[in-house]
Structures are given as C-alpha cells and as structure tokens.
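Note sheet for the following structure.
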Amino acid sequence: MTNFSAKNIFLNKITITIFVLALITAIALFVHNYGKINIDDGTIISTHENIFSKIDGNVCEIPIKEGDTVNKGDLLVKIFPAKYEIRLKKIESSKIQAAKEYADFKNVLKKRTDELDIAKKDCDRNQSMFDENITTKQDFDRSVNEMKNANLSYLAAKKDKEDAENKLEILKAQAEQAKIDLDNTKITSPESGTVTSIFIKNGENIYKDRLVLSINANRLIIVVPKKQAKFAKIEPDQPVTIKLKNSSTKITGRIDKILNNEDFKDNANLVITDNCTILSVKTDEDFSNSIDGFQNIKMSINIRK
C-alpha cells in the first residue's frame with residue numbers, strides 16, 4: 001500500500017511538472033508573439049526605388065551614371081525647362097489681369113448693391129405714401145420699375161463677380177500646377193542610395209510616368225495578399241524581421257510606409273487587389289545581392305509601442 005501511494009505521488013509530480021512546463025511554454029509563446037504581426041505569405045516585388053518622370057519633355061542633362069552613389073536631393077535628370085517657364089509666365093500674367101478684373105467687378109457689385117438698397121427704400125416709401133393717398137399710382141409704379149431694374153443690375157453684377165472669382169481661382173490652381181511642373185524639370189533623388197539602372201539617354205524625348213532610373217536604397221517593396229485587423233496598427237519605424245523561404249537569409253529593418261494599392265494596379269506583372277497590403281520596408285543593410293525578384297518570405301512586424 002505504501003509503495004502504491006508513493007508511486008501515485010511520483011506520477012502526480014510528473015503530471016504537474018509537465019503541466020507547468022506546458023503552461024510556461026504557452027506563456028512564453030504568447031509573450032513572444034504579443035504585439036506582433038506574423039506573415040507567412042508575403043512576396044518581395046522590388047529591391048530598389050524606381051523613379052519616374054512626372055512631366056513630358058526633352059532630357060537635357062543626366063549628371064550621374066550607373067554605379068554612382070547619390071544623396072537625397074541630388075540632381076539625377078534635368079528636362080529642358082523652357083516651355084514650362086513660358087507657360088508659367090503666361091499664366092501668371094493672366095492671373096494678374098484676372099485679379100484686376102475681379103477687383104473691378106467686386107467694386108461694381110458694391111455699387112449695384114447700394115443702388116438696389118436705395119431703390120428698395122424708395123419703393124417702400126412710395127408704397128406707404130400710395131397707401132395713404134399721398135402720392136400717385138404713377139409715382140409708385142415708377143419706383144417699382146426702378147427697383148426691378150436695380151435688382152437686375154445687381155444680379156448681373158453678382159454673376160460677373162462670381163465668374164471673375166471662379167476664373168481667378170482656376171488661374172491660381174493652374175499657376176500652382178505650372179510651378180510644380182517647372183520644379184519637376186529637375187528630377188532629384190528621393191533618398192540616398194546607389195544608381196542601379198538608367199533607362200533614358202541625353203537628348204531623348206520622354207513622357208509623363210516614364211521610368212527614368214532606379215536606385216538601390218536598402219528598400220524592399222512587399223505585397224501581402226490579405227488584410228487583417230492588426231494591419232491598422234502598423235506605423236512607420238516599427239521593427240521588421242524577414243525570413244526568406246528556402247534560404248537561411250534573415251533580413252532586419254523597419255517599416256517605411258504602407259503604399260497605395262492603386263499605384264501598382266497598372267503593372268501587368270503583378271496581381272494587386274483591394275485586399276492586398278503593400279509595405280515599404282527600409283532594411284538595416286544592403287540585401288539586394290541575396291534577394292531574387294518576386295521571392296516569397298515569412299515576416300514578423302513588431303507593433304508594440
């Protein structure tokens with residue numbers, strides 16, 4: 001009997017020990033994964049920064065070559081600016097004239113508003129006098145007609161002022177866009193990195209959205225073919241760990257930003273739906289030599305504050 005009890009106690013101790021170890025393991029796994037997003041089906045679609053022209057024009061300068069190291073803000077490509085300078089100058093001139101016309105119409109509207117106010121008061125006064133038989137119906141009718149004419153003049157002046165204001169606002173918007181277009185004749189580096197490819201040449205006519213060059217800036221563009229509630233907690237600068245499938249390569253870095261799906265839907269090589277999440281990841285080192293295009297990955301994003 002004593003041996004049986006000792007055996008039971010020993011078995012109970014083993015059971016408790018196993019239970020405690022399992023509990024500790026479960027807690028450790030929970031703590032390890034708490035505040036993380038674990039992704040098992042991500043795909044790296046790019047290991048560099050593609051730079052596109054934002055305007056049409058003739059390339060007049062390419063001061064860099066493939067393999068050059070560039071800093072953020074460095075000039076990469078210059079497009080002949082003459083037509084954009086002329087366009088901006090023309091719009092600015094039209095804007096000045098439109099502003100003058102708007103000021104004139106505004107003054108006219110004020111004058112017509114004052115005239116309408118006087119005509120209304122005169123009509124009201126003649127109405128009272130006519131009701132009391134102090135004035136004739138002819139005088140009353142005259143004041144009514146004068147008020148109607150004053151109102152028509154007021155409405156015409158109001159429309160002229162509104163049209164002039166709309167024209168001025170349109171020209172202001174056009175001037176702002178013309179300034180942006182002129183600025184875009186200088187294509188500068190969005191960040192520091194190494195020029196990997198140049199797809200244009202000096203003297204070439206290029207069009208808007210033309211791919212002009214690419215830069216290796218220790219960046220990965222990753223597509224995750226799903227969304228989940230935790231993705232809403234992803235913010236810039238959160239730590240990332242990436243494991244390439246079928247490889248021992250481990251990549252570390254930080255979230256740069258979540259990209260707009262619409263920017264990738266025109267790419268025939270990609271299947272991008274509204275359910276996808278596209279992440280830009282800034283890596284701690286240059287991993288481009290160990291990564292092939294469209295490589296599948298496992299990924300862990302630390303979303304803890």
Side-chain angles (χ1 to χ4, degrees), residues 45-102 166-221 223 256-270 272 278-282 286 288 293-294:
I45 62 171
S46 178
T47 60
H48 52 264
E49 181 83 7
N50 287 328
I51 299 172
F52 299 84
S53 175
K54 296 180 181 179
I55 57 171
D56 303 331
N58 183 269
V59 178
C60 62
E61 185 180 355
I62 306 175
I64 47 88
K65 62 183 183 300
E66 291 182 0
D68 282 357
T69 298
V70 294
N71 296 315
K72 183 176 181 179
D74 284 354
L75 178 66
L76 303 175
V77 177
K78 186 175 181 181
I79 296 171
F80 196 62
K83 76 173 184 179
Y84 294 101
E85 291 171 343
I86 293 170
R87 181 169 181 267
L88 176 58
K89 186 175 180 180
K90 183 178 179 180
I91 293 173
E92 288 288 1
S93 177
S94 298
K95 190 177 75 170
I96 292 171
Q97 180 61 33
K100 183 179 180 301
E101 290 175 358
Y102 172 68
N166 290 335
K167 179 181 177 181
L168 180 58
E169 290 303 314
I170 290 171
L171 285 168
K172 285 180 178 178
Q174 289 178 347
E176 286 301 314
Q177 185 58 54
K179 289 177 183 177
I180 292 171
D181 289 344
L182 181 57
D183 288 341
N184 285 333
T185 61
K186 294 181 179 180
I187 301 176
T188 58
S189 181
E191 54 190 311
S192 299
T194 303
V195 178
T196 54
S197 301
I198 299 176
F199 303 104
I200 58 172
K201 58 185 178 180
N202 202 10
E204 182 179 357
N205 281 313
I206 62 173
Y207 49 86
K208 183 180 178 181
D209 296 328
R210 169 73 184 275
L211 176 62
V212 294
L213 53 84
S214 60
I215 292 176
N216 176 16
N218 295 352
R219 180 189 304 282
L220 302 178
I221 306 301
V223 173
D256 181 42
K257 54 189 171 182
I258 298 179
L259 301 175
N260 188 348
N261 292 24
E262 294 297 326
D263 294 338
F264 294 83
K265 285 189 175 180
D266 292 335
N267 192 321
N269 295 318
L270 299 174
I272 303 296
I278 305 179
L279 303 172
S280 173
V281 174
K282 193 75 173 176
D286 179 8
S288 58
F294 296 92

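Here the structure is a predicted model, which means the values were calculated and not measured. Position 1 is the first residue of the sequence; numbering continues from there.
In this structure, S94 contributes its side chain and K90 its backbone to a donor-acceptor pair below 3.5 Å. Using modelled atom types, one side-chain atom of S192 and one backbone atom of K72 make a donor-acceptor pair closer than 3.5 Å. Not one N or O on the side chain of D74 forms a donor-acceptor pair closer than 3.5 Å with the backbone of V70. With R210 contributing its side chain and F199 its backbone, the two residues share a donor-acceptor pair below 3.5 Å. Looking at N216, its side chain does come within 3.5 Å of a backbone N or O of N218 through a donor-acceptor pair. A donor-acceptor pair under 3.5 Å links the side-chain atoms of N58 to the main chain of G203, judged by distance alone.
The only member of L75, T69, V195 that meets side chain to side chain contact (heavy atoms under 4.5 Å, CB included) when paired with I64 is V195.
At a threshold of 4.5 Å between non-hydrogen side-chain atoms, the residues E204 and K201 count as touching. Between I258 and I278 there is no side-chain heavy-atom pair separated by less than 4.5 Å. Contact check for Y84 versus I55: side-chain heavy atoms found under the 4.5 Å cut-off. Here the side chains of D68 and T194 are not in contact, with every heavy-atom distance at 4.5 Å or above. Between S189 and N71 the shortest side-chain heavy-atom distance does not fall below 4.5 Å. No side-chain heavy atom of I221 sits less than 4.5 Å from a side-chain heavy atom of L279.
Under the side chain to side chain donor-acceptor pair (under 3.5 Å) criterion, R219 pairs with E49, E191, D256, S280, sequence neighbours left out.
The distance from the CD1 atom of I198 to the CG atom of L213 is 6.0 Å, given to the nearest 0.5 Å. Separation of atoms CG (N50) and OG (S197) is listed at 8.5 Å; rounding is to 0.5 Å. If you take CG on L182 and CG on L88, they are separated by 6.0 Å, rounding to the nearest 0.5 Å. With rounding to the nearest 0.5 angstrom, the CD1 atom of I79 is 7.0 Å from the CD1 atom of I200. Interatomic distance, I215 CD1 to L76 CG, rounded to the nearest 0.5 Å: 5.0 Å. Of the inter-residue distances, the one linking D181 atom CG with K179 atom NZ reads 12.5 Å to the nearest 0.5 angstrom.
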I would like to know whether I206 and D56 meet side-chain contact (heavy atoms from CB on, under 4.5 Å); could you show each step before the answer? CA-CA 6 Å; I206 62 173; D56 303 331; over 6 Å; no

Please report the C-alpha distance between L171 and Q174 in whole Å, then the side-chain angles of each, then the deciding distance to 0.1 Å, and finally whether the side-chain contact (heavy atoms from CB on, under 4.5 Å) criterion is met. CA-CA 5 Å; L171 285 168; Q174 289 178 347; 3.4 Å; yes

Check against salt bridge (Lys or Arg N to Asp or Glu O under 4.0 Å), E92 and K89: CA-CA 5 Å; E92 288 288 1; K89 186 175 180 180; over 6 Å; no

Let's go through F80 and T185 carefully: what are the C-alpha distance in whole Å and the side-chain angles of both, what is the deciding distance for side-chain contact (heavy atoms from CB on, under 4.5 Å) to 0.1 Å, and is it a yes or a no? CA-CA 7 Å; F80 196 62; T185 61; over 6 Å; no

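When the shell of 6.0 Å around NZ of K95 is examined, it contains more than 12 heavy atoms from other residues, nucleotides or ligands. Within a 6.0 Å radius of NZ in K282, other residues, nucleotides and ligands contribute more than 12 heavy atoms.
Contact record, S214 with T196: OG-OG1, 2.7 Å, taken as the closest heavy-atom pair.
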